[in-house]
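Taking it in order: structure first as structure tokens, then the write-up.
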Protein chains: 2
Amino acid sequence: MVKNNCRRHGWWNIKFRGCGYRLTSGREAILDILSKSEGHLSAEDIYMKLHPKYPNIGLTTIYRTLDVLANLGLIFKFDFGDKRARYELAEGPKGAQHHHHLICTSCKRVIDYTDFIDEEVKLLNETEKGLCQKYEFKITNHLIQFYGLCKICAKR
Amino acid sequence: MVKNNCRRHGWWNIKFRGCGYRLTSGREAILDILSKSEGHLSAEDIYMKLHPKYPNIGLTTIYRTLDVLANLGLIFKFDFGDKRARYELAEGPKGAQHHHHLICTSCKRVIDYTDFIDEEVKLLNETEKGLCQKYEFKITNHLIQFYGLCKICAKR
DNA sequence: ATCCTATATGAAAATGGTTTCCATTAGCAA
DNA sequence: TTGCTAATGGAAACCATTTTCATATAGGAT
Ligand SMILES: [Zn+2]
Ligand SMILES: [Zn+2]
Ligand SMILES: [Zn+2]
Ligand SMILES: [Zn+2]
């Protein structure tokens, strides 16, 4: 019985090594925080959560690691208009399910929604197919966000 | 016969004044550049285009004006991942038609497409309706972008 | 277990798009 | 024309992110 996140057997070990990246304790710690946290974390959020237990992981490393993880497709990077990048674990083993975002332009609150996703994704796939053909563009990812006022900001 | 973009009769005069903003020559010049230019301009792009004819309009004013225009809904602000905001005239009188974007993650090229827009928008409207009800969220705008590799970057 | 080398790291400094400050100018209502 | 207030420009401040560079470490080879 192999423990699922054992240092040398975790499922992301393969992904890392396969792409020529080394598996370091810092990278594991960051991935761990991301998989345990709700919401959309900024680099500094992660630094804060990590610091008590790993006081020697610097902000620089967090930025670099987030970059690697995004390249590997393990996380997504978002811009919700609050002037700092936000990160979220991608779908997949242990990852969250596919969802899109509602963003309040007033208070910057972000709501994840999974309703309607199926229809949306179905249409997106068709659109993607058409766009690929017409523009010879190899689509790898999509972004859908709705902007407006949240419940609280609306009544004011 | 009233000239369409005469200083005091232009169609955006009303919009400005109605919201308590003053119509200044700088604002007109910026709006003018945006309506005459193809593509997705950054604040500095606009500054460069403006400078020869209006050497006394500063970058600061451009940023402030773009903010006002976005608030008025006259322009949209985008993040295409090249670390600077990009602006584009919204639909409407003299504005471009509604479109979405294909973004090359390698060379940052951006392709506007209008194909499939009708189906997309139709679905989006339904989704919006549902989301409004479920989350009591007042949706005012949406963003759809596809990421991938453009024709040129794909063959490498 | 030990070496070796390319990769990863942290601290500090640099970067650069955007915002803020403040003294001056200019819309526009009366 | 006058007066009040919003708008402006230049310089300085801001601040998330990136770069630099000397040091540490992962992990394949011995
Ligand atoms: Zn809100
Ligand atoms: Zn989310
Ligand atoms: Zn490209
Ligand atoms: Zn466009």
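Residue numbering restarts at 1 for every chain, and letters A, B, ... go by the order of the sequence lines.
Rounded to whole Å, the distance from OH on A:Tyr21 to C1' on C:dA6 is 14 Å. A straight line from CZ of B:Phe80 to C1' of C:dG17 spans 17 Å, rounded to a whole angstrom. Atom CG in A:Leu23 sits about 13 Å away from atom C1' in C:dT7, given to the nearest Å. Residue A:Asp67 contributes atom CG, which lies 14 Å from atom C1' of C:dA8 at whole-angstrom precision. Atom CG of B:Leu59 is separated from atom C1' of C:dT20 by 14 Å (rounded to the nearest Å). Rounded to whole angstrom, the span from the CZ atom of A:Phe16 across to the C1' atom of D:dG27 amounts to 15 Å. The separation between A:Ile62 atom CD1 and D:dT18 atom C1' is 15 Å, rounded to whole Å. Per the geometry, NZ belonging to A:Lys83 stands 15 Å off C1' belonging to C:dG16, to the nearest Å.
For B:Arg22, counting side-chain heavy atoms from C-beta on, the closest listed nucleotide (D:dT17, C:dA26, D:dT8) is C:dA26. Residue A:Ala43 places its side chain closer to D:dT17 than to any other of C:dT18, C:dC28, D:dT17. In this structure, the nucleotide among C:dA12, C:dA8, D:dA6 sitting nearest to the side chain of A:Thr60 is C:dA12.
Residue A:Thr65 has no polar side-chain atom (N or O) positioned under 4.0 Å from OP1 or OP2 of C:dA8. For C:dT18, one of the phosphate oxygens OP1 or OP2 lies less than 4.0 angstrom from a side-chain nitrogen or oxygen of B:Tyr63. Contact between the side-chain N/O atoms of B:Thr24 and the OP1/OP2 oxygens of C:dA26 is not found at any separation under 4.0 Å. A close approach under 4.0 Å does occur between a side-chain nitrogen or oxygen of B:Arg17 and OP1 or OP2 of C:dC28.
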A:Asp32 and A:Lys36: CA distance, side-chain angles, deciding distance, salt bridge (Lys or Arg N to Asp or Glu O under 4.0 Å) verdict: CA-CA 6 Å; A:Asp32 196 50; A:Lys36 281 187 184 135; 2.8 Å; yes
Evaluate the ring-ring contact (aromatic ring centres under 6.0 Å, His included) criterion for residues B:Phe80 and B:His101: first the C-alpha distance (whole Å), next the side-chain angles of each, then the deciding distance (0.1 Å), finally the verdict. CA-CA 9 Å; B:Phe80 293 144; B:His101 296 114; 5.0 Å; yes
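Between A:Arg84 and B:Gly58, the residue anchored closer to the 5' end of DNA chain D is B:Gly58, taking for each the nucleotide with the nearest heavy atom. Nearer the 5' end of DNA chain C, as judged by each residue's closest nucleotide, is the contact made by B:Asp82, out of B:Arg64 and B:Asp82.
Residue contacts shown for B:Arg27 are limited to sugar-phosphate atoms, with no base heavy atom under 4.0 Å away.
A ring-centre distance under 6.0 Å is not found for A:His100 and B:His142.
No salt bridge links B:Lys122 with B:Asp118; every basic N to acidic carboxylate O contact stays at or beyond 4.0 Å. For A:Asp79 and A:Arg86, the salt-bridge test fails: no basic side-chain N is under 4.0 Å from an acidic carboxylate O.
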